[in-house]
Number of protein chains: 2
Amino acid sequence: MARVKLQDVAERAGVSVTTVSRVLNNRGYLSEKTINKVHRAMEELNYRPNAVARQLFKQRTNLVGLVFPTVNNPFFGQLEAELETRLYELGYRVVMGNSQNDPQKEERYLQLLFNGQIDGLIVGAHNEGITAYHNTNLPIVSIERIVSKQIPVVAADNYRGGRLATQRLLDDGCQHIIHTNYPASSSTPNQERRRGYEELMEEHGRQKITYEISFDSPDPEKAAVFTRIFAEHPECDGIFADNDTNARLAINAAVQAGKRVPEDVKVVGYDGASSTRLLFPDLTTIQQPIAEMAQTAVDLLQKRLAGQAVESVTLPVKLVSGITG
Amino acid sequence: MARVKLQDVAERAGVSVTTVSRVLNNRGYLSEKTINKVHRAMEELNYRPNAVARQLFKQRTNLVGLVFPTVNNPFFGQLEAELETRLYELGYRVVMGNSQNDPQKEERYLQLLFNGQIDGLIVGAHNEGITAYHNTNLPIVSIERIVSKQIPVVAADNYRGGRLATQRLLDDGCQHIIHTNYPASSSTPNQERRRGYEELMEEHGRQKITYEISFDSPDPEKAAVFTRIFAEHPECDGIFADNDTNARLAINAAVQAGKRVPEDVKVVGYDGASSTRLLFPDLTTIQQPIAEMAQTAVDLLQKRLAGQAVESVTLPVKLVSGITG
DNA sequence: TATTCTGCGTTATCCGGTTGACATACGCTT
DNA sequence: AAGCGTATGTCAACCGGATAACGCAGAATA
């Protein structure tokens, strides 16, 4: 079980350690004969170069951290899958961190960067007040979250998404549209959805009402908010939910309040992730360009890692209609 | 930007490198005064011990690989989230690999183990014929997949799940129940679901029909199978799908074939992951104990890492009814 | 024939932290 | 005064691989 190392290969092949390393890294002058000898020795011994030793010398691990609230979510699940695919193609492996409800955990993952365990980080978590982000020029990219001034953000066009969703409900004849979103204090571009909703409502002389739902609170708590909405606003005939699972909870609450969906209440969600579309195709929603967001984040991270300055990016969204309305 | 290392801390604190290392690892005799001096120096320099150097010496990375088809899936998403949570508590970080449709990628992740980049592996992928698994006593645990004789499997009771699902459809009066599952050649305990279905059908003197759907094929291809089912078997009034997303596709196909669900065709799914339950609460399904499966897999892996022999484990499943039938 | 290219070996150093062996010095106990 | 526990320092080796510098053949080229 003793690990096979370079030296063992060298002895087996009857060459020097340097030569084996040369073969491995394809440097310097080498004859076919020697290359074959070394390769044969490596095969016979089933040699695998120790990645950690190499990392130590190269000062690179080829690992990138992904820190999001939880991968058990249609949006983040798809996003992280897309990120992994792209990073893999570039030779990076991915360390996954789920930080929901645990700022300390988020900070621990951030430490991996300072530890030298990972080369870069893509974050989309929601915990506030982590000061370690406030370094300059860190190889970090954030998705749909404002982390610090120095860190570029990849976001979909939340303002436009907010308008699109609200417009659809207005077009469908809704008179009393209520919006849900994160608490206004959250550092996420999500607040732009709210702005889109509020501005459009004002333009139409409608009353704007936003209920706040923290992403990290448990489902029953979220469901309770929608129950409250219909209790406090029985006139409500339209809901613009800030994500698709909340849209589902809105529908449940509406039904429980004795309303028919979509006849009495229409609901528009947000995200449009693939598994949501598959499992709940009736839902009308604002679809984020998840694949493009992943691609963009990876591009930005690569530039960051190369020491280049990068700007935040905003991508377009579109409204997709539920198959039955 | 030059990395701060042990030696810098030692100089700053006016002690030897060994002493700093002793403080870090809490070994040997140390005075309060020295400990404080060293800690102050570490803070002033913002010292972070290099994890890779430590890994090289300790021959441990505290990283565990998770290799599943894709995290963009309600079942695997929840499973991987649960695994990350538990492994994190034990001090492990998690490397995520999505291997769908790519045996070579699965093999690459397996190589991380032989590279020394990860300490252990939890796999649930479906690619066949990867010979590297056939080593003895590797720190690998598999979930719902038979990898090799030496590797323990954590599975839910698939046979019983198959019977439960079929029984429910029989109880609901279905006469012609069709099942879908992976190709019979797949090395997964999924085949036990099929056995449960087939045996129960035989016991009731019914005809058993199983259509095969590869997990890794694209959604339209899967949907086409269900379309074919209703074309070839217009009498079909019950579907036992091997997972919940396929159950959704079955329902879509039934509706497209002019059938009403559940009046004309009843569907039972499999998995019962949290986001599926949330987004598609109407579905009756066999619920796998995902949290327990994650916990068990982590327990087994820990024992493997400690060099202990372990046995495969089977956990119970239960049927959960859709809220509207 | 002189020069350059090719194909290796030798040696030493580095990456950054860990650890064992040993030496030293101080203070306290018996 | 001898012995012991405490508190450090010094030195060297180690984890496993990468690399620069140098030397030295033999072959190819000028």
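As a basis for the values below, the full set of heavy atoms in this structure was taken, side chains included, without hydrogen atoms, waters or symmetry mates. Note that the structure is a prediction, hence the values are computed from the model and not measured. Residue numbers start from 1 in every chain, and the chains themselves are labelled A, B, ... in the order their sequence lines are given, proteins ahead of strands.
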Report task. Scan side-chain atoms only and decide if Glu106(A) and Tyr133(A) contain a donor-acceptor pair under the 3.5 Å cut-off. Result -> yes
Query raised in the report: Side chains of Ser31(A) and Thr34(A): do they bring a donor and an acceptor to under 3.5 Å?
Result: yes
Counting only side-chain heavy atoms from C-beta out, which of [options] sits nearest to [X]?
X: Arg27(A); options: dA20(D), dT10(D), dG16(D); value: dA20(D)
X: Ser31(B); options: dC15(D), dT8(D), dT18(C); value: dT8(D)
X: Asn50(B); options: dA7(D), dC5(C), dG17(C); value: dG17(C)

Query raised in the report: Which residue, Lys37(B) or Ala53(B), contacts DNA chain D at a nucleotide closer to its 5' end, judged by nearest heavy atom?
Result: Lys37(B)
Report task. Mind running a 4.0 Å heavy-atom check of residues 54-64 of chain A against DNA chain C and sending the residues that fall below it, in number order? Result -> Leu56(A), Phe57(A), Gln59(A)
Query raised in the report: For residues 13-21 of chain B, which residues have at least one heavy atom under 4.0 Å from DNA chain C?
Result: Thr18(B), Ser21(B)
Query raised in the report: Within the structure, does a side-chain N or O atom of Tyr47(A) lie under 4.0 Å from either OP1 or OP2 of dG17(D)?
Result: yes
Query - N or O in side chain of Tyr29(A) less than 4.0 angstrom from dG7(C) OP1/OP2 - result: no
Report task. Can you see which heavy atom on Pro139(A) is nearest to which on Leu305(A), and at what distance? Result -> CB-CD2, 3.6 Å
Report task. Answer yes or no: side-chain N or O of Arg22(B) and base N or O of dG9(D) forming a donor-acceptor pair under 3.5 Å. Result -> yes
Query raised in the report: Considering only heavy atoms from C-beta outward, does the side chain of Asn135(A) approach that of Phe114(A) to under 4.5 Å?
Result: yes
**Report entry** Non-hydrogen side-chain atoms of Glu128(B) and Ser185(B) separated by less than 4.5 Å
**Finding:** no
Report task. Kindly assign one of parallel, tilted or perpendicular to the pair Phe215(A) and Phe76(A), based on the angle between their ring planes and the thresholds 30° and 60°. Result -> perpendicular
Query - Arg40(B)/Glu44(B) ion pair, N-O < 4.0 Å - result: no
Query raised in the report: What integer distance in Å separates Leu6(A):CG from dC15(D):C1'?
Result: 13 Å
Report task. Using the test side chain to side chain donor-acceptor pair (under 3.5 Å), find all partners of Gln117(A) that sit at least two apart in sequence or belong to another chain. Result -> Gln55(B)
